[in-house]
Structure formats: structure tokens, C-alpha cells
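Below you'll find the structure, written out as C-alpha cells, and then a few comments.
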Amino acid sequence: MTVTRNELAAQLRALGVRHGGVLLVHTSFRAVGPVEGGPIALIEALHEALGPEGTLVMPTMTDGESPFDPAATPTWQMGITAELFWRRPGVRRSGHPGGSFAAAGPRAEEICAPQPLSPPHGPNSPVGRVHVLDGQVLLLGVAHSESTTLHLAEALARVPYSVAHPTVVVVDGQPQVVAIEETDHCCRGFARADGWLRQAGLQREGPVGQAHARLANARDVVRIAVECLASDPLVFLCSRGAGCDECDAARASIAV
Ligand SMILES: [Zn+2]
């Protein structure tokens, strides 16, 4: 049952992780299962699959309840792999007070460059730069509901909903609570991207450890999602009356 770093790297290459590319990874380490060497060995396997010219990127989002320090603030609900990744030597972390990312490799600095507060995952954000750099998105034991790349698609498609989240932002050295607008909802509807990508033959799937992994080009994910949002801008929201408070809040934000 226990897999080694070398076995994980071989599975990642077989899945189609591009040598020398940019790779954005959303991970559930628990789904990957027992790994000899733990989450650090998984991080090393990802680097091994990418090679020294590759750049590894992970979300390192925070709860926004205290002033964000990229060198100290722990991640919130991002999993142990991302939490250990940003703390490794030589890994950069972007500065968004709620929606930060960490990156390591030749493109890390530009991926983590400053960005506007809103939207957190727009074109001028780490996930937007992964898209511009023709990166890949790897979902390791998680579904598209966890994929920030679909928030980028929402921003590019200019969806009509936007919800403000109070976040502590340091302004002129003083912490202040700022309402940051983002295209938020429960994100369960993002799972629709599975069917779109499979139908178009644009998603590779296979095992990585015990996890089911999905791999796609960020550009394919965004293009297909923007097309679907063009025909139905609310395609990602739970239907009205489904009892989803978050999607109801997104619907209520739409200007009439
Ligand atoms: Zn919902």
C-alpha cells in the first residue's frame, strides 16, 4: 500500500505532467494514501516529475482574520501538502491577504508578483499567470470543486455574481477590515467541468498513490468553462430552492 517518491514521480509522468512546465496542484494528501517519507516525499515527487526547469505552484489561502504575513501565516483548509510546501526553503509566496499561492522554480517570482485585492483569482493573480504561462492543473484526490482555475474562468467570463468577504488588510502599516469582492459560492457546481473536459478529451485521469488524479491544461479548463458560462452565466450555481445558502447569496448579489 505504501508508495515511494520514485513510484509517485513515475505515476505523475505517466499521467502527463509536463517536464519543464508550470504545474498548479490542489491536493488531498489523505487521498494519496501512505507515502514513504510523508507529504514532503510527495512534494519531492512533484518536483522530480517537473524537472529542474519546471515550476510547482500550490494554493496557500488563509482565513483573512489576522494581518497576512507570507512568511508566517498558516494556510486554512489547504491541506498538509500545501502547508509544508510554502515553508520549504526557496519557495515564494504571494501577498494576497486571503488568496495567496506558493511557487518554486524558474517562474515562481512572476507567478507570485503583486496583484489587486479583487478578484483574488482574476487574470492578474497567480492562477491567472499559470494560465498565461500555459501551465497544467493537477487535482490530486480532489475534484474540480477545489479548482481555483474555474474562478479565473468566472472572472474572464464576467459572471454577474460577486460576494464580499471581510478580510484583514494592512494599509499604511495599520490592519483594517476590507470587504474583498469575489465570485464566491459553494463551488460544488465546478464539478460540471469533469463532464465537459472528458467529453472533449481534454482531461487525463489515473492513479497517483491511492488517489484518483485529474490533469488538464489550464487553457483548456478556462476555454471550456468560459464557453459554458457564455451560454449560462449561472451554470456553476446550485439551482434556486436547492437549499444552498452560499449559492443563494451569490444569486442575491446579482444586480437587477
Ligand atoms: Zn451551492
Side-chain angles (χ1 to χ4, degrees), residues 24-28 30-31 58-65 75-79 82 96-101 117-123 125-128 130-131 137-167 178-200 202-203 205 211-214 216 218 220-256:
L24 169 58
V25 189
H26 296 269
T27 309
S28 162
R30 200 176 303 135
M58 293 189 202
T60 60
M61 293 165 205
T62 46
D63 63 13
E65 290 175 5
T75 58
W76 185 62
Q77 296 186 337
M78 291 293 109
H96 193 282
S100 66
F101 283 70
L117 284 178
S118 180
H121 310 307
S125 75
V127 75
V130 168
H131 176 246
V137 178
L138 173 64
L139 304 175
L140 209 45
V142 298
H144 282 282
S145 51
E146 309 303 318
S147 180
T148 44
T149 301
L150 290 168
H151 283 303
L152 171 65
E154 290 178 314
L156 292 170
R158 299 176 185 275
V159 295
Y161 47 88
S162 179
V163 178
H165 286 290
T167 304
V178 174
I180 298 181
E181 293 278 342
E182 58 179 299
T183 57
D184 200 25
H185 47 93
C186 76
C187 298
R188 285 193 291 264
F190 280 173
R192 289 167 181 265
D194 249 347
W196 302 337
L197 290 163
R198 282 174 183 159
Q199 197 172 18
L202 295 173
Q203 179 165 275
E205 300 184 48
H212 183 74
R214 298 165 166 87
D220 290 333
V221 175
V222 167
R223 191 183 68 252
I224 283 198
V226 167
E227 280 170 18
C228 293
L229 286 164
S231 52
D232 178 4
L234 306 184
V235 69
F236 287 134
L237 302 186
C238 296
S239 50
R240 201 185 298 274
C244 178
D245 292 345
E246 290 165 282
C247 289
D248 286 349
R251 284 176 184 277
S253 74
I254 300 170
V256 286

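Whatever order the structure lists them in is the order used to number ligands and atoms, beginning at 1. FYI, side chains are in, hydrogens and waters are out, and symmetry mates aren't considered; it's all heavy atoms of this structure.
Within the structure, the salt bridge (Lys or Arg N to Asp or Glu O under 4.0 Å) test picks out no pair touching residues 239-254 (sequence neighbours left out).
Listed by chain and number, the protein N, O or S atoms at a distance under 2.8 Å from the Zn ion (ligand 1) are Cys186 SG, Cys238 SG, Cys244 SG, Cys247 SG.
Glu181 and Ser162 share a donor-acceptor pair across their side chains, judged by distance under 3.5 Å alone. Inspection of the Ser100 and Thr60 side chains reveals an N or O donor paired with an N or O acceptor under 3.5 Å.
Within 6.0 Å of CZ in Arg158 there are 12 or fewer heavy atoms belonging to other residues, nucleotides or ligands.
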**Asked** Can Phe101 and Leu24 be said to form a side chain to side chain contact (heavy atoms under 4.5 Å, CB included), step by step?
**Response** CA-CA 10 Å; Phe101 283 70; Leu24 169 58; 3.8 Å; yes
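Under the 3.5 Å distance criterion, the side-chain polar atoms of Ser239 are left unmatched by any main-chain donor or acceptor of Ala242.
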